[in-house]
There are 4 protein chains.
Amino acid sequence: MTTAEASREPQQGRSRASYERMLTAAEKLMVKGGNDDFTLTEVAKVGKVSIGSIYLRFDSKDDLIRAVHARVLARIDADQDRMMQKIDEQAATLEDFARAFVDAYAELLKSYSPVLRPIMFRAIYDESISALGRDSAEKLTRQAETQMLRYASEFGRPDHARLVSNAFRMIYYTLARFLGLGSSPEAAHQGNWEEIKEDLAIMCAAFLRAPGPS
Amino acid sequence: MTTAEASREPQQGRSRASYERMLTAAEKLMVKGGNDDFTLTEVAKVGKVSIGSIYLRFDSKDDLIRAVHARVLARIDADQDRMMQKIDEQAATLEDFARAFVDAYAELLKSYSPVLRPIMFRAIYDESISALGRDSAEKLTRQAETQMLRYASEFGRPDHARLVSNAFRMIYYTLARFLGLGSSPEAAHQGNWEEIKEDLAIMCAAFLRAPGPS
Amino acid sequence: MTTAEASREPQQGRSRASYERMLTAAEKLMVKGGNDDFTLTEVAKVGKVSIGSIYLRFDSKDDLIRAVHARVLARIDADQDRMMQKIDEQAATLEDFARAFVDAYAELLKSYSPVLRPIMFRAIYDESISALGRDSAEKLTRQAETQMLRYASEFGRPDHARLVSNAFRMIYYTLARFLGLGSSPEAAHQGNWEEIKEDLAIMCAAFLRAPGPS
Amino acid sequence: MTTAEASREPQQGRSRASYERMLTAAEKLMVKGGNDDFTLTEVAKVGKVSIGSIYLRFDSKDDLIRAVHARVLARIDADQDRMMQKIDEQAATLEDFARAFVDAYAELLKSYSPVLRPIMFRAIYDESISALGRDSAEKLTRQAETQMLRYASEFGRPDHARLVSNAFRMIYYTLARFLGLGSSPEAAHQGNWEEIKEDLAIMCAAFLRAPGPS
DNA sequence: TATGAATGAGTATTCATTCAT
DNA sequence: GATGAATGAATACTCATTCAT
């Protein structure tokens with residue numbers, strides 16, 4: 001649905017199939033190169049589509065890119081929902097929740113990091129993309145908030161919305177940055193990955209529990 | 001010194017002056033455009049240097065960009081040193097230190113954010129740049145570590161190096177991300193800036209104090 | 001009939017109607033843009049016809065354009081007939097006739113100038129179009145000749161056909177050019193329009209009366 | 001000088017030479033095709049210049065075209081001056097002058113018609129071109145006026161400026177149109193060329209002499 | 001007949017890099 | 001050393017035409 005905003009998305013049949021091939025080809029090329037610097041000729045070749053067909057669905061290369069982004073973010077969104085549901089059933093204490101949440105979210109981000117990198121790359125200067133990312137993050141913040149509030153009595157400070165929002169931000173930014181730096185994040189950072197996750201969980205609980213500056 | 005790695009840096013006289021003008025012009029254009037999309041023709045014009053001269057010093061446009069990055073990071077490095085020295089003299093408690101450190105570092109990053117954005121932008125896919133950034137961060141981590149270790153007795157867990165390193169990482173990544181998102185971060189995020197800084201300080205102290213998972 | 005030359009013109013029913021819509025849509029677009037730079041996709045949309053249908057009737061875009069031209073010229077032709085008939089009833093002297101003819105023809109051309117401009121535009125390099133235009137002009141010449149010959153006794157030189165033909169040419173070319181130059185001829189030349197008409201009438205009579213070079 | 005308006009015209013040496021080759025190549029291609037539909041790749045090949053070089057001198061293909069136009073019109077202008085001077089020395093009577101002027105101007109236009117056709121083609125919708133053409137015509141009108149005024153005592157009507165201006169217009173438009181119609185004007189109209197010139201001269205004198213409508 | 005999705009050749013423009021002076 | 005004119009490969013986008021349904 002969000003995908004449709006920037007494109008003329010055919011609903012069925014052959015058209016639909018070639019439309020999918022375009023998006024998939026573009027996504028593949030984005031992952032491969034780590035950025036948006038693919039050419040439409042490449043998309044045409046990889047997706048077995050003609051250049052004209054691409055322009056039949058998208059007004060510009062930028063539109064195509066945005067559609068890929070939207071599709072990926074929709075996928076992530078769905079995964080986030082599933083993730084939160086699963087955590088909901090498990091967590092017992094604030095510490096448990098923090099650990100479960102950080103771990104699940106970290107792995108989710110990691111699994112998406114190859115696609116996410118070129119997206120975040122562009123988000124830096126394309127407001128419409130960063131807005132999408134923000135929406136996604138905000139939704140997750142609200143979901144996390146709902147669950148964290150079950151432990152609200154243990155929070156050290158009054159403004160719960162702010163606490164949850166900033167806790168989430170620190171987790172998200174740290175993980176994103178960790179995964180996003182360098183071109184082969186796995187190789188470079190693998191060693192500390194488990195430690196970072198553990199420490200983020202500890203940080204999260206400790207931060208929420210921390211009393212304000214006296 | 002790091003600058004010299006990717007260039008033939010003249011040590012004195014007229015050559016030196018035009019070399020400086022190249023770097024300054026390129027930096028100015030990077031800040032202006034928020035990315036690397038300037039042309040060498042522009043650099044030549046702004047820096048009052050011939051294109052040929054640029055290629056006399058640098059093997060490619062990429063080399064020039066890397067040199068600019070290195071020069072900026074060197075400047076930040078020096079500022080970081082000054083910053084750490086000043087904090088050293090003030091801080092009394094762990095909480096004091098955390099607050100002072102986060103605030104000073106946040107403002108330092110913010111003041112450099114216009115130059116830092118295009119650098120971080122490129123660091124996403126240019127390993128040699130992200131390595132430079134890592135060096136700078138690691139040095140700061142060591143400096144912070146030295147100082148934080150004065151409060152080591154209050155730490156909640158044994159592996160102090162890891163604690164300090166990850167605390168710093170969370171602070172740096174969160175701030176960097178906060179400043180880097182969108183094209184006019186000030187306008188977009190100004191509202192939460194003071195809150196973020198405060199919460200990062202609280203988080204930092206709480207994290208260092210937090211006992212490990214029992 | 002001339003229209004049929006370049007097309008497969010259906011004679012009746014639904015086909016006929018969509019055929020008309022094509023021509024009308026194309027003409028509308030030609031007038032709107034002042035040239036032939038419309039796309040067949042636009043014609044299809046405006047005329048509520050499929051692109052395939054267009055190619056069912058015309059071999060190429062050029063054929064469609066030529067058919068539009070022919071249809072317009074046919075319309076002009078009919079108007080010319082009506083015009084000449086009306087003049088026939090009024091004119092008393094050669095001067096009267098010249099004035100009446102120039103004025104009527106000038107206004108006729110002016111009223112058609114929006115459609116005529118793109119046609120003349122193309123006639124410059126498309127021989128088949130300029131031929132059509134010539135046919136139309138020649139027919140009018142013959143009509144004018146028939147009427148002018150009533151004043152033949154007042155002509156200054158013997159070759160009446162040549163006289164009439166060239167008088168008409170000067171009138172037609174001057175008016176056409178006057179209307180065709182610039183993109184908003186009305187605005188640009190309005191001021192002299194009445195003067196030009198008056199002078200053309202004077203010129204016409206004077207030219208026909210003029211004795212040959214002695 | 002007018003050429004320089006739309007271009008960066010080098011003043012000497014090799015640059016100047018390749019600049020000339022660009023203009024000459026473009027002009028050649030314009031004459032060949034009868035319009036502006038040449039490609040820059042063709043210009044590069046014919047003019048033995050790189051595409052980049054073209055963009056070093058001109059901001060766009062349109063600028064190149066305008067420069068060609070300006071150069072041609074400058075050439076015509078010079079020829080017009082020479083032509084008027086020659087006529088000045090010869091003409092004795094109004095009829096003599098008219099004949100001499102029409103003949104000389106007709107031949108001048110005819111000799112330039114291959115280049116003029118694509119220029120007039122574009123003048124239809126490019127105001128900046130039609131303005132150039134108007135300037136050229138107006139200058140000629142003034143020159144003709146100066147000379148015709150020697151016969152002013154023979155004019156049939158008072159507003160001499162208008163008389164001369166409209167006489168010139170009729171001559172110019174008729175000749176231009178005569179030469180401009182069709183793609184091979186020589187072949188098509190050769191037969192009537194001498195007659196048209198003769199009749200235009202007769203028309204001119206007769207028109208200037210004609211008394212106003214009584 | 002009628003449709004309109006698919007095709008892909010064709011073109012203006014940019015810009016890092018080279019090299020003759 | 002220094003210059004900056006010249007190069008040309010590379011790329012987004014258009015649109016007449018085709019053809020499977």
Side-chain angles (χ1 to χ4, degrees), chain A residues 8 10 13-19 22 37-45 48-64, chain B residues 8 10 13-15 18 36-45 48-65, chain C residues 8 10 13-15 18 36-45 48-65, chain D residues 8 10 13-19 22 37-45 48-64:
Chain A
R8 288 171 285 283
R14 190 171 315 187
S15 293
R16 175 81 207 185
S18 82
Y19 177 82
M22 288 171 203
D37 290 352
F38 56 83
T39 71
L40 291 186
T41 309
E42 288 176 299
V43 175
K45 193 180 297 175
K48 292 179 191 311
V49 185
S50 73
I51 290 186
S53 288
I54 298 175
Y55 278 91
L56 225 49
R57 312 291 174 204
F58 305 96
D59 286 336
S60 64
K61 185 188 173 187
D62 264 27
D63 271 358
L64 168 60
Chain B
R8 290 169 285 283
R14 192 170 312 182
S15 292
S18 83
D36 296 350
D37 291 352
F38 55 83
T39 70
L40 290 187
T41 309
E42 287 177 299
V43 175
K45 192 181 298 174
K48 293 179 192 311
V49 184
S50 72
I51 290 184
S53 290
I54 298 175
Y55 276 88
L56 233 44
R57 307 295 176 204
F58 304 95
D59 287 336
S60 66
K61 186 189 173 186
D62 267 23
D63 273 357
L64 168 60
I65 291 172
Chain C
R8 290 171 283 284
R14 194 169 310 183
S15 294
S18 83
D36 296 352
D37 290 351
F38 56 82
T39 69
L40 290 188
T41 308
E42 287 177 298
V43 175
K45 192 181 296 174
K48 293 181 191 309
V49 184
S50 73
I51 290 184
S53 290
I54 299 175
Y55 275 88
L56 232 44
R57 308 293 176 205
F58 304 96
D59 286 338
S60 66
K61 186 189 174 187
D62 267 24
D63 273 357
L64 168 60
I65 291 171
Chain D
R8 289 171 285 282
R14 191 172 315 189
S15 291
R16 175 81 207 183
S18 82
Y19 177 83
M22 287 170 205
D37 290 351
F38 56 82
T39 71
L40 291 187
T41 309
E42 288 176 298
V43 175
K45 193 180 297 175
K48 291 180 191 311
V49 185
S50 73
I51 289 187
S53 288
I54 298 175
Y55 278 89
L56 226 48
R57 311 293 175 204
F58 304 96
D59 286 337
S60 64
K61 186 188 172 187
D62 264 28
D63 271 358
L64 168 59

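Just so we're on the same page: letters track the sequence lines, and every chain starts at 1.
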Checklist entry - Atom CD1 of C/Ile54 and atom P of F/dC15: how far apart are they, to the nearest Å? => result 15 Å
Item to check | Protein-nucleotide distance (D/Asp59, atom CG; E/dT13, atom P), rounded to Å | outcome: 10 Å
Checklist entry - Got B/Val43 and B/Val49 here, is their nearest side-chain heavy-atom distance under 4.5 Å? => result no
Checklist entry - Where are the stems of DNA chain F, defined as at least 3 consecutive Watson-Crick or wobble G-U pairs with both distances under 3.5 Å? => result E:2-21 with F:2-21
Item to check | Listed nucleotide nearest any side-chain atom of D/Val49, set E/dA16, F/dT7, E/dA6 | outcome: F/dT7
Checklist entry - Looking at E/dA16, F/dC15, F/dA6, which one has an atom nearest to any side-chain atom of B/Leu40? => result E/dA16
Item to check | Touch class at under 4.0 angstrom, heavy-atom based, for D/Ser53 against every strand present | outcome: base
Item to check | A/Asp63 CG - F/dC13 P separation (whole Å) | outcome: 9 Å
Checklist entry - Among F/dG4, F/dA12, E/dA12, which nucleotide sits nearest the side chain of A/Lys61? => result F/dA12
Item to check | Candidate nucleotides F/dA2, F/dA6, E/dA12, ranked by approach to the side chain of B/Ser50 - the nearest | outcome: F/dA2
Checklist entry - Where each residue is assigned the nucleotide of DNA chain E containing its nearest heavy atom, which of D/Glu42 and A/Met22 is assigned the position nearer the 5′ end? => result A/Met22
Item to check | d(OH, C/Tyr55; P, E/dT7) in whole Å | outcome: 17 Å
Checklist outcome for this item: Taking E/dA6, F/dG1, E/dT13 as options, the one with an atom nearest any side-chain atom of B/Arg57 is F/dG1
Next on the checklist: When you compare the side chain of B/Ile65 with that of B/Phe38, does any pair of heavy atoms fall below 4.5 Å?
Outcome noted: yes
Checklist entry - Is B/Thr41 near enough to F/dG4 that one of its side-chain N or O atoms lies under 4.0 angstrom from OP1 or OP2? => result no
Checklist entry - Which is true for B/Ser18 with a 4.0 Å heavy-atom rule: it touches a base, it touches only sugar-phosphate, or it touches nothing? => result nothing
Checklist entry - Under 4.0 angstrom, heavy atoms only, what part of the nucleic acid is C/Ser60 near: base, sugar-phosphate, or nothing? => result sugar-phosphate
Checklist entry - Tell me: CZ of B/Phe58 to P of E/dT18, nearest whole Å? => result 16 Å
Checklist outcome for this item: Separation of E/dG4 atom P from C/Lys45 atom NZ, nearest Å, is 12 Å
Item to check | Contact summary for B/Lys61 and B/Asp36, nearest pair of heavy atoms | outcome: NZ-O, 3.2 Å
Checklist entry - Start at the 5' end of DNA chain F and walk down; is the nucleotide closest to C/Phe38 or to D/Ser15 reached first? => result D/Ser15
Next on the checklist: Quick check: on DNA chain F, is the nucleotide nearest C/Gly52 upstream (toward 5') of the one nearest D/Gly52, or the reverse? Name the residue that is more 5'.
Outcome noted: D/Gly52
Checklist entry - Base, sugar-phosphate alone, or nothing: which one does A/Ile51 contact when heavy atoms must sit under 4.0 Å apart? => result base
Item to check | Selection from E/dT18, F/dA6, E/dG4 that lies nearest to any side-chain heavy atom of D/Leu56 | outcome: F/dA6
